[in-house]
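Written out below as structure tokens is the structure these notes cover.
Throughout, numbering of the chain's residues begins at 1 and tracks the sequence.
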Amino acid sequence: MSASSPAIWSGKIFSNGWTDAAGGVQAVREPATGQSLEQTGIANPADVNRAAASAKAARAAWAATPFDQRAAVMREAARLLKERAADINIWNIRECGSIGPKAEWELHATYEQMLMAAALPMQANGQLFPSSMPGRTNLWRRVPMGTVGVIAPWNFPLLLAMRSVAPALALGNAVLLKPDAQTAVTGGHLIAQVFADAGLPDGVLHVLPGGPETGDAVVRHPDVTMISFTGSTAVGKSIGATCGGLLKKVALELGGNNALIVLDDANLDAAASNGAWGAFLHQGQICMQAGRHLVQRKVAQAYADKLVQRAKALYVGDPHAGPAHLGPIINAKQCNRVQDIVDRSVAQGARLLTGGTHEGLFFQPTVLSGVTADMPAFADEIFGPVAPITVFDTEDEAVELVNASPYGLAAAIHSANVSRAMSVANRLHTGMIHVNDQTVNNEFHVPFGGMGASGNGGRFGGPANLDEFTQTQWVSVMEQPIVYPF
């Protein structure tokens, strides 16, 4: 039997091994066909309570495990992930609607995240500070948070779970992972089995699929000392407010309405290629999606023509049945939301250049022109395969349009003059900016995150993980006890 076989985890949650969930079971459905692929257990607050108690009991011993042994578990988990790539990628394709290359990229990026996490335990974990008191040594050191609650989304469920789970575990924390129930296998069960087979001690990692009730129980539990959440801005604001009231650390990576700026000296073939990739990859279901294409008037028509040509060349279909450029939208609610944004924008005067329709959950790549700042296609995070084009005249106007959005996750700028592009970049209120590239970028060793409504300043990746998944402690030591005048 394969270590990732459904026979091991069907209808279960992972909490000190595979166990029945008090919250019952839910079908794992393939969005392309509607077929039920398997069952997942659904955790309820009682399951969360038991998992949190188990994690609290296990975390001290895990934190005290020598750093090289924690690193060895991470490296073995990474090896097993690579070894099981074929099984994991099939689940990503069928459960998440990913095309094959997206699933393969996600697995490789996750593998890199895990190797990076394996290096964290050997990093310097403190500093010595001088003291005005003779004979005193001041040590400022990093210690684990305790138990980290990770709430991960459905669009890149493997990567966006592991980018928090792996560093949190490597730095000595226990973890409660709540994957979205729609992608509980790729984003939860397969992760749990990889770590179990890699030798992670019982109780250190729990995988608790579920919906809002489950997530709320994780967020509010007093033994969960930190929350890492990736998802919508609306839910992130609620989690942030709750954690603020509980004085609980929270890292939020939220939505985006990301601008791709095309200046009038840009290479338009390259810009259109970047625009198509940024808008249509994974059906546009990416927080970094190029959701606003801001194009200088002189080249706007030429850019639109090239983007339409690329959109029309893309094939939409079931990625498990054969090659496809775009797969299905994750569910009917999301598909209808995308359609509504397109329809309302067209009703307000936007021009539909291609696409704009769907059959089942298969939404055609769509290009809109004449989009203005008061239209839903400009103001809303679309999370679908839609490229709205807005024309601007001056660089000042482009900057104003970008910064008009409350979101501030990513932006891209195309220009033949890098200095010109950088002068624009220096005025944008976004956490990530890419010159002569597109908005959907991720490198495991570079801190990643947004500004404004796209996050609370938390960052994932590279040295930022040391700050996110530890807290600091001051320890002072006197060579001889002090005698005070009292």
Side-chain angles (χ1 to χ4, degrees), residues 255-280 284 286-311 345 348-351 353 367-382 386-441 446 448-455:
N257 190 3
N258 312 289
L260 185 144
I261 301 172
V262 181
L263 298 176
D264 57 12
D265 63 346
N267 179 325
L268 294 186
D269 287 323
S273 173
N274 280 259
W277 182 265
F280 304 138
I286 306 174
C287 58
M288 297 172 285
Q289 177 204 20
R292 293 181 294 159
H293 297 235
L294 309 182
V295 188
Q296 202 152 18
R297 189 175 302 277
K298 179 181 175 182
V299 296
Q301 186 60 56
Y303 175 81
D305 292 343
K306 291 177 183 293
L307 188 59
V308 167
Q309 183 179 10
R310 290 180 178 275
S345 297
Q348 293 177 31
R351 293 183 296 280
L353 302 184
V367 180
L368 299 173
S369 67
V371 174
T372 57
D374 57 346
M375 295 179 183
F378 182 93
D380 296 347
E381 181 184 26
I382 301 173
V386 181
I389 298 174
T390 299
V391 174
F392 67 89
D393 289 300
T394 67
E395 292 170 21
D396 287 345
E397 185 182 356
V399 170
E400 185 177 346
L401 285 167
V402 174
N403 292 340
S405 173
Y407 297 102
L409 187 57
I413 305 165
H414 278 259
S415 172
N417 186 330
V418 172
S419 295
R420 181 186 183 194
M422 284 301 299
S423 71
V424 173
N426 291 337
R427 301 162 64 191
L428 302 184
H429 302 155
T430 63
M432 299 172 285
I433 303 171
H434 309 290
V435 174
N436 290 326
D437 202 344
Q438 43 77 45
T439 55
V440 184
N441 271 291
V446 182
F448 175 108
M451 300 177 179
S454 294

Is there side-chain contact between [X] and [Y], with at least one heavy-atom pair below 4.5 Å?
{"X": "Val446", "Y": "Asn441", "value": "no"}
{"X": "Ser345", "Y": "Val386", "value": "no"}
{"X": "Phe392", "Y": "Val399", "value": "no"}
{"X": "His293", "Y": "Tyr303", "value": "yes"}

Within the distance-only criterion (no hydrogens, no angle test), does the side chain of [X] pair as donor or acceptor with the backbone N or O of [Y] below 3.5 angstrom?
{"X": "Glu381", "Y": "Gly256", "result": "yes"}
{"X": "Gln438", "Y": "Val440", "result": "yes"}
{"X": "Thr390", "Y": "Leu294", "result": "no"}
{"X": "Asp393", "Y": "Arg297", "result": "no"}
{"X": "Arg292", "Y": "Leu401", "result": "yes"}
{"X": "Asn417", "Y": "Ser419", "result": "yes"}
{"X": "Asp264", "Y": "Gln296", "result": "no"}
{"X": "Ser454", "Y": "Tyr407", "result": "no"}
{"X": "Asp437", "Y": "Ala412", "result": "no"}

To the closest 0.5 Å, what do you measure between [atom1] ([X]) and [atom2] ([Y])?
{"X": "Asn274", "Y": "Asn436", "atom1": "CG", "atom2": "CG", "result": "8.0 Å"}
{"X": "Ser423", "Y": "Ile413", "atom1": "OG", "atom2": "CD1", "result": "8.0 Å"}
{"X": "His414", "Y": "Asp265", "atom1": "NE2", "atom2": "CG", "result": "11.5 Å"}
{"X": "Leu353", "Y": "Leu368", "atom1": "CG", "atom2": "CG", "result": "7.0 Å"}
{"X": "Thr439", "Y": "Ile261", "atom1": "OG1", "atom2": "CD1", "result": "11.5 Å"}
{"X": "Ser405", "Y": "Asn258", "atom1": "OG", "atom2": "CG", "result": "8.5 Å"}

Check [X] against [Y] and note the closest heavy-atom contact, atom names and distance.
{"X": "Pro388", "Y": "Val371", "answer": "CB-CG2, 3.8 Å"}
{"X": "Ala387", "Y": "Leu307", "answer": "CB-CD2, 3.8 Å"}
{"X": "Ser415", "Y": "Leu263", "answer": "CB-CD1, 3.7 Å"}
{"X": "Val295", "Y": "Ala300", "answer": "CG1-CA, 3.6 Å"}
{"X": "Thr430", "Y": "Ala411", "answer": "OG1-CB, 4.0 Å"}
{"X": "Gly255", "Y": "Leu409", "answer": "O-CB, 4.2 Å"}

Open item on the list: When you compare the side chains of Thr394 and Asp396, does any donor N or O come within less than 3.5 Å of an acceptor on the partner?
Closed with: no

Open item on the list: Any donor-acceptor pair under 3.5 Å linking the side-chain atoms of Gln309 with those of Asp305?
Closed with: no

